Each structure stands twice: as structure tokens, then as C-alpha cells.
Amino acid sequence: MAVVDARVMRTVLEHLWDQYPSDCRHWFNDIEAIDIDSGTIRFLIQEPVQLRYLQRHCTNQFTEATQAATGRLLGIEFINSEELVNREPEHIVTGTAIRTEHDGEMLLSPDYTFESFVVGPDNRLAHAAASAVAQQPGRAYNPFFVHGGVGLGKTHLLQAICQESMRNTPNMQIYYTSCNGFMNQFLEAVQDGEMSSFRNRFRNYDLLVVDDIHDLSKRDTSQEEFFHTFNTLYQGGRQVVLSSDAPPNEIPDLEERLTSRFGCGLVANIERPCYETRVAIVKSKAALRSLTLPDDVAGYIAARIDTNIREIEGAITKIQTMAMLDGVDIDLALTKKSVGNQIKLNGPAQLTIQDILDTVSGFYGLKLTDLLSKRRHKSVSLPRQIGMYLARKHTRFSLGEIGGYFGGRDHTTVMHAVRSIDGRRTGDNHLDQDIAQLESVLLED
Ligand code: ADP
Ligand code: MG
């Protein structure tokens, strides 16, 4: 058995960041190369979720990087401290017990933690409740029900609860599953005549997290089974966490006894994130990959991705890859080049005032709150007037409605802004160019 020189790990990491930046995460720096034994190198990872991420996604990359670093083709083994201790004879294993026999099926992403979750006005309640649940499962809010549109962070929050609880109480029986996962296991158990072991398992978790519970809609026998699972857990003081695309009473074809139970703890909504939240999310996603994005780059991406946050990750990966291939730093020009075509705002038909607010504030480097404020300084009032002008020209909203969106101004203010910008556009080249550029961003399809 040979101890691994520290330089090896450094070279492995360099190779990985160089060749596979989109697979790399900032916590890779905490990975330790332990030893090389019978042609296998062992890497030590503390967090179980990180361990599984590496085992699932990174074996080939590590094989290649290790070969580059040592000149040898070695087998790769990712282990946690428990396994490390286990191998040494006469050592008693304590502490981090294996959580559940089905632990291996629990697909948690190491990216979905509370640390990487950005809190904004749109998700504050959901986040606060989730964090309370993770601190005191079964006691804070039970059940905890979170709902919101696609890509707004429900799965992220649910998995963060699991990871935080695992960290706080390593022996807790935790299970995260999609609703479809629950239903499939139920149907399999029925087919195989193994209902008692199914029930035994599901009714003994300390924390059961079921994602996308709206999928229970119309599934009568699954609803029945889930009802009993829920009751057993709830009555036993175990924590249940659910997510859905709609609040309990708006899930179609769901039995009323389920609706009422789902709503009896805390129901929290996640709204579409505002511009500032999106900028912070972009930065958080970049930080996971050890990237620091300039403000204008983060603003550019955030202004163009407003409905589904999922697209942010794709955009960052693409920018990161481009920067690496070209051997340049990430700046606005590179960003436009790499993702300008991929991520687009809605076409004119769906153009909303929120799009305009976001784009104008991003373009002028202002906060949305500035744009909506009473401030009259030219640096704020001109962009605000341009925004009103664009809203009047490219949406069907009335002057009064536009005024409402722009911080509650009345229709005469909007009318004045529209006329003033319209008039000045012809004589002021600089202004005309700014507006043309904003329009091209807003209107391209
Ligand atoms: P949902 O389950 O609601 O459809 P996800 O949890 O899958 O949405 O989120 C989609 C993507 O957006 C994920 O990459 C997630 O990390 C990210 N995301 C959403 N909201 C936030 C947030 N507030 N902070 C950080 N990332 C977020
Ligand atoms: Mg989800």
C-alpha cells in the first residue's frame, strides 16, 4: 500500500477542471487521495451525497485524470470515512450508520443544498419553513407542503431538507422519492405480493419527502395507499414533506381527505423569481463551479432567463466551455457569443412589462427597486421613461396599467414619458442606439 503524494491530487484536480469543468464542483478541493493499493487509488469524500455523485458521474474522468497525474492506469474507488475505518481490522465502527437499506436509490444532487439556495422575496417563506423542518423534523411544520411552477426550486428545497437532516441527525431514516417513484414501488410490491415489506418500509421513515405529489391525481389505488402511509407517519410524529405544481385544493382529481391532510400543516408558495433573485441564482450556480461572473454577465443571463431557472445551468456550462476553448476570461462579449442565440426572451406576442423592467434595469445596471422608486435623478429617471415608452409601444397595456407596473405612477406621467422619449429619439443618437439595442433584445424571437 502506497501513500499518495499531495502533488498527485493537485494534478488530478487541475486535469479535471481543465478537461471537465462542467462536472467539477467547488468541493472537489476537499477530496483526499488516500492510498494506492493493488492497482486501485482510493479517494476519501465526507458527504454521502457527494460520494454518490462521484460514483455515478465521475469515474471515467477521475481515471483519466489519475492516469495523467501518475502515468499509471489505476482503478478508482471513492469511499467515505466509514469504509476507510471498516477496512482496518479491530476498529469499531461508530457514528454515521448506514441510513436505510434503500439509501442507494435515493437520488440526491449534491448541488441542491441550503447553502446554494438563493433566498428572495419570491421564496422566502418556503425557504424559512424548509429550514425549520430540517432543524426540527416532525415538530416545526407537519406536513410541509410547497408548491410552485416548473423550475422554481421545489426539488432543490426538498433535497436540501434531506441533506441538512442527514447532516444534523445521521441516524435518521430519511427517504426522498418522486411521487412516480412511490407509485411504481407500490405497484411492484402489489405484483410481487410484497405489500407488507413495502408498508413496513414506507411507514417507518422519520422523514418522508415526496416530490411532485400532484402526480397522484386520478391514481385511485395509489391515493388510497398514500393516504394510509401519510396517516401512519403523521400520527407517529414523523415528518412528511410534499411538493406540487398547485396548492392542495387545486390538484385535480385528488380525494378530499388527502387535500385536507396536505393542507393541515404549512403550505408555502414559490413565485417566479424577480430579477435580483435571478442574478443571485446565476452567481450561485457559477460559484458551485468555482466561477466568478462579472456583474454585467450575470445581469445579462438573468434578464434573458426569467421563466425557467433550469436554463441558467445550461447557459453557464456553455459559457464556461467557450471561455476554456478560447482560452479567455468570461466577459459580456463572450457571453453574448456563446448563449445569445440559445437563450431568448419571449417573442413580442408574450412580451410582458416584467420583461421590459428586467431588461431595462439589466441594461443600465440598475436595481429593479430603483426603477420603481420615486428617485428623480437622471440616471434613474431616463431608464424609467425608456421602460414606459417600450411598454407603451410593444405591449397592449393601458397608460394607467403601465404606470401601475412602474411603481404606481399615474397615466399622465406615463404619457409624458412616452412623448418625451419619442420626441428625443430622433435628435439624440446615443439614446436612439440604446433603445434600438433594448428593442433587439426584447423583440428577437
Ligand atoms: P422545480 O422542482 O420547482 O421544478 P428545481 O428545484 O428542479 O425546480 O429547480 C430548477 C433549477 O433551478 C435547479 O438547478 C435549481 O438549483 C435552480 N434554482 C431554482 N430556484 C433556486 C434558488 N432560489 N436558488 C438557487 N437555485 C435555484
Ligand atoms: Mg422538481
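Ligands are counted one by one from 1 in listed order, and the atoms in each one are counted from 1 as well. All of these numbers come straight from a predicted model, not from anything done at the bench.
Atoms of ligand 1 lying under 4.0 Å from any heavy atom of Glu313, numbered from 1 in the order shown and given with element: 14 (O). Remark: ligand 1 atoms within the under-4.0 Å shell around heavy atoms of Asn123 are 23 (N). With ligand atoms numbered from 1 in the order given, ligand 1 contributes 4 (O) to contacts under 4.0 Å with heavy atoms of Val150. Of all the atoms in ligand 1, the ones that sit under 4.0 Å from a non-hydrogen atom of Gly149 are 3 (O). Ligand 1 places these atoms under 4.0 Å from at least one heavy atom of Ser116: 24 (N), 25 (C).
Electrostatic pairing of Lys285 and Glu313 counts as a salt bridge here, judged by a charged N lying under 4.0 Å from a carboxylate O. Salt bridge status for Arg25 with Asp111: present, with a side-chain N to carboxylate O gap under 4.0 Å. A salt bridge links Arg278 with Asp358: the closest approach of a Lys/Arg side-chain nitrogen to an acidic carboxylate oxygen falls below 4.0 angstrom. Salt bridge status for Lys393 with Glu439: present, with a side-chain N to carboxylate O gap under 4.0 Å. Salt bridge Asp370/Arg375: present, at least one basic N to carboxylate O contact under 4.0 Å.
The cationic group of Arg257 lies under 6.0 Å from the six-membered ring centre of Phe227 and within 45° of the ring axis, placing it in a cation-pi geometry.
Aromatic ring orientation, Phe182 versus Phe186: parallel (interplanar angle below 30°, classes split at 30° and 60°). Using the six-membered ring where Trp is involved, Phe230 and Tyr234 have ring planes that are parallel, under 30° apart on the 30 and 60° scheme.
Within the 4.0 Å heavy-atom criterion, neither part of Asp211 lies near ligand 1. With a 4.0 Å heavy-atom cut-off, ligand 1 is reached by the side chain of Lys285 but not by its N, CA, C or O. Heavy atoms of Ile281 found under 4.0 angstrom from ligand 1 belong exclusively to the side chain.
Counting only heavy atoms of the protein, atom 24 (N) of ligand 1 lies nearest to Val118 N, 2.8 Å. Among protein heavy atoms, atom 10 (C) of ligand 1 sits closest to Arg310 CG, 3.4 Å. For atom 15 (C) of ligand 1, the closest non-hydrogen atom of the protein is His156 ND1, 3.4 Å.
Thr155 lies close to the Mg ion (ligand 2), since one of its N, O or S atoms is found at a distance under 2.8 Å.
Between the side chain of Asn80 and the main chain of Gln46, no donor-acceptor pair closer than 3.5 Å is present. With hydrogens and angles disregarded, a donor-acceptor distance shorter than 3.5 Å links the side chain of Ser116 to the backbone of Thr113.
Assignment of Ser284 to the shell around ligand 1 is not supported, since no heavy atom sits closer than 4.0 Å. Ligand 1 is approached by Gly151 to a heavy-atom distance shorter than 4.0 Å.
Nearest-residue assignment for atom 9 (O) of ligand 1 (options Gly153, Pro273, Ser243; heavy-atom criterion): Gly153.
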